[in-house]
Amino acid sequence: MRFQTLRGFNDILPDDFRYWRYVLNKAVELADRFGYKQIDTPILEETRLFLRGLQEGSAVVLDKELYTFEDQDGTSVSLRPEFTAGLMRAFVEHGMASWPKPVKLFAIGPLFRHEKPQAGRFRQHVQFNAELLGEEDAAADLEIMQLAYSLYHELGFKGLAFQLNSIGCPRCRPAYIETLRAYFRPHQAGLPEVDRRRLEVNPLRVLDTKEAATLPLLDGAPRSIDHLCPACADHFHALTGYLDLLGLPYVINPRLVRGFDYYVRTVFEVWGSELGAQNALCGGGRYDGLVESVGGPPTPGVGVGIGIERIVISLRRQGIEPPPLTQPQVIVLHYGPAAKAEAIRLVDELRRQGVPTLMAFGDRSLKAQLKTADRSGARYALLLGEEELAAATVTVRDLQAGTQTAVSRQDILPWLRSRLP
RNA sequence: GUGACCAUAGCUCAAUUGGCAGAGUGCCUGGUUGUGGCCCAGGAGGUUUCGGGUUCGAGACCCGGUGGUCACCCCA
């Protein structure tokens, strides 16, 4: 019986971790630098949390992609498909509304969606998520965008740019949606089925259609940024002003939208050019209605979700090499039973003293052990045999230089310390 | 959920019109006493993704499953 990973699930192998460590270390370091506190919430939550307050049409679709089952108590539970819902639940459950504002959180962990796998899209993927809660200032939107941008930039990505839009708020959006529907009404008959359905269920989604028949109409379509209420317009102009101030590259994209009601004002993505149809590296936006939707007080919020797999794929395609992972620079070889016992003691001693050390296993020929040592990547092979035991020394072979010297057994630790990085 | 292409050794790939399943690389061992890399020799490693079918004969042709890649759908 042979087993394999489930469709859309991946093993992350040691060689992959060169990239993963590089990315995750950078993400955590940046979050610290920006003053975000790490939080982790359960992978499993009550199903209702993920389906709360969504539009009818959306709930049906999302339900299909949710990994849901009944647990032994008969509770319907689901693997989290996103971070934000759990974070909002934690925000309310732990009274973070009474913490000093803003509350700035980040989380890293796996998310699960039963989708058909595609470039950079898997059923389990790891996301880095940052949220800034309790602040309406456009400078908060800017900060979240900067955090995302800095991550890609500092990892070595080139040609980055924001796609940016504002989709208004519950005050101005309904009127805009009516304007949008009115614009398409005369063309209704010529529209593809999917887009006619979108106009009814989720009108903003028509704007990011890929239907050839609809595309020509989009150029003349009314833009949400031209129909913002004064407060939303001010917010948007403030944000673009800040982006200009910092010289961050952005493109105002009137077709960039979100499908859910709790999104307001800012929506953005960071685009790279390495991922086929999935050219969005990450997406984020403002969601002032979200905390309320899980039973908390009205709380403005802005956040971003960044897929780690997409970064790793993109790094590989761009030929960006992460720094190599550190590995033990010392390996202990032995020849003869008495020497093996001493080798076991020496390995133990070095590791206790904090020196990463490898042990040559088995009772193989010295030649075979040296071959192993060579492939291990270690710099120094410490050789113990009858001669060394008799003289109370260790033969240290520099595998890089091909030279070797005898070092007194009791001096081996300082000898290594002075030479290892 | 829809569609296209794909699946041979751990990895990268061969195998003429349907006729003995191979190479490179990696792995293990050896090239005589306690010395790696280079070189040489040997070895292990395959139900050709799985299940059916056609055929004297299938890695190859047909049907189905599983998985991969890509696009659509959707994207919290």
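Letters A, B, ... are given to chains in the order of the sequence lines, protein chains preceding strands, and every chain is numbered from 1.
- At a threshold of 4.0 angstrom between heavy atoms, the contacts of Gly307(A) with the nucleic acid are absent.
- Salt bridge annotation for Asp15(A)-Arg316(A): present, with a cationic side-chain nitrogen under 4.0 angstrom from a carboxylate oxygen.
- The CG atom of Leu358(A) lies 11.0 Å from the CG atom of Leu350(A); values are rounded to the nearest 0.5 Å.
- One finds a side-chain N or O of Arg205(A) lying less than 4.0 angstrom from the OP1 or OP2 phosphate oxygen of A76(B).
- Here the P atom of nucleotide C70(B) and the CZ atom of Arg310(A) are 11 Å apart, to the nearest Å.
- Here Asp374(A) pairs with nothing under the salt bridge (charged side-chain N to carboxylate O under 4.0 Å, His left out) rule; sequence neighbours left out.
- Taking 4.0 angstrom as the limit, Gln118(A) places none of its side-chain polar atoms (N or O) nearer than this to OP1 or OP2 of C70(B).
- When both pairing distances are held under 3.5 Å, G10(B) makes a Watson-Crick or G-U pair with U25(B).
- The nucleotide U35(B) finds no pairing partner, because no Watson-Crick or G-U wobble arrangement with both distances shorter than 3.5 Å includes it.
- Using P as the reference atom, G65(B) and C5(B) are 15 Å apart when rounded to the nearest Å.
- Computed from coordinates, the Lys210(A) NZ to U2(B) P distance equals 19 Å when rounded to whole Å.
- Straight-line distance from the CD atom of Glu115(A) to the C1' atom of G1(B): 12 Å, rounded to whole Å.
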Enumerate the protein-to-nucleotides 10-12 of chain B contacts in which both atoms are nitrogen or oxygen and the separation is below 3.5 Å.
none

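- Side-chain polar atoms of Gln400(A) and Asp398(A) form no donor-acceptor pair below 3.5 angstrom.
- Here the separation of G67(B) from C28(B), taken at their C1' atoms, is 31 Å to the nearest Å.
- Residues satisfying the side chain to side chain contact (heavy atoms under 4.5 Å, CB included) test with Pro102(A), not counting sequence neighbours, are Lys104(A), Leu132(A), Glu135(A).
- No contact: Phe9(A) has no heavy atom under 4.0 Å from any strand.
- Considering only side-chain N and O atoms, Arg198(A) lies under 4.0 angstrom from the phosphate OP1 or OP2 of C73(B).
- Taking for each of His114(A) and Glu211(A) the nucleotide of RNA chain B with the nearest heavy atom, the 5'-most of the two is the partner of His114(A).
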Under 3.5 Å, sequence neighbours excluded: what are the donor-acceptor pairs made by side chains of residues 326-334 of chain A?
residue   : atom : partner   : partner atom : Å
Gln329(A) : NE2  : Gln327(A) : O            : 3.2
His334(A) : NE2  : Ala360(A) : O            : 2.7

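- Atom CZ of Arg258(A) and atom P of C74(B) are 15 Å apart (whole Å).
- A donor atom on one side chain and an acceptor atom on the other are not found under 3.5 Å apart for Thr214(A) and Thr209(A).
- With sequence neighbours left out, the side chain to side chain contact (heavy atoms under 4.5 Å, CB included) criterion links Trp415(A) to Tyr380(A), Val396(A), Thr405(A), Val407(A), Arg419(A).
- The nucleotide G64(B) finds its pairing partner in C50(B), both defining distances of the Watson-Crick or G-U wobble pair being shorter than 3.5 Å.
- Separating the P atom of U2(B) from that of U17(B) is a span of 36 Å, rounded to the nearest Å.
- Remark: Leu13(A) pairs with Asp11(A), Asp16(A) by the side chain to side chain contact (heavy atoms under 4.5 Å, CB included) rule, at least two apart or across chains.
- Taking atom CZ on Arg113(A) and atom C1' on G1(B), their separation rounds to 17 Å, with Å as the unit.
- Separating the CZ atom of Arg121(A) from the P atom of A71(B) is a distance of 10 Å, rounded to the nearest angstrom.
- Closest approach of Ile39(A) to Ala90(A), counting heavy atoms only: CD1-CB, 4.3 Å.
- The C1' atoms of C62(B) and U55(B) are separated by 12 Å, rounded to the nearest whole Å.
- Comparing the P positions of A23(B) and A41(B) gives an interatomic distance of 13 Å, to the nearest angstrom.
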Enumerate, atom names and distances included, each donor-acceptor pair closer than 3.5 Å involving a side-chain atom of residues 297-305 of chain A, sequence neighbours excluded.
residue   : atom : partner   : partner atom : Å
Thr299(A) : OG1  : Pro297(A) : O            : 2.7

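- Summarising the base pairing, U69(B) is matched to A4(B) through a Watson-Crick or G-U wobble pair whose two defining distances lie under 3.5 Å.
- Between the CZ atom of Arg7(A) and the C1' atom of C6(B) there is a distance of 13 Å, rounded to whole Å.
- Classification of Lys210(A) and Asp195(A) as a salt-bridged pair fails, no side-chain N sitting under 4.0 Å from a carboxylate O.
- Remark: the separation of the P atoms in C38(B) and U25(B) is 11 Å, to the nearest Å.
- Here the closest heavy-atom approach between residue His94(A) and residue Trp99(A) is recorded as O-NE1, 3.9 Å.
- Every residue two or more places apart in sequence or in another chain that forms a side chain to side chain donor-acceptor pair (under 3.5 Å) with Glu46(A) is listed here: Arg48(A).
- Listed by residue number, the members of residues 78-87 of chain A with any heavy atom below 4.0 angstrom from RNA chain B are Pro81(A), Glu82(A).
- Under the 4.0 Å criterion applied to side-chain N and carboxylate O atoms, Glu349(A) and Arg409(A) are assigned as salt-bridge partners.
- Using P as the reference atom, G10(B) and C70(B) are 24 Å apart when rounded to the nearest Å.
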- Summarise protein proximity over nucleotides 27-38 of chain B in one line of letters, 5' to 3': B for base, S for sugar-phosphate only, - for none, counting protein heavy atoms closer than 4.0 Å. SSS----BBBB-

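- His114(A) meets the side chain to side chain contact (heavy atoms under 4.5 Å, CB included) test with Tyr67(A), Arg123(A); sequence neighbours excluded.
- Look at CD on Gln4(A): it is 11 Å from P on C50(B), rounded to the nearest Å.
- Comparing the C1' positions of C61(B) and G18(B) gives an interatomic distance of 8 Å, to the nearest angstrom.
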Using the 3.5 Å cut-off, write out each protein N or O paired with an N or O of nucleotides 43-46 of chain B and the distance between them.
none

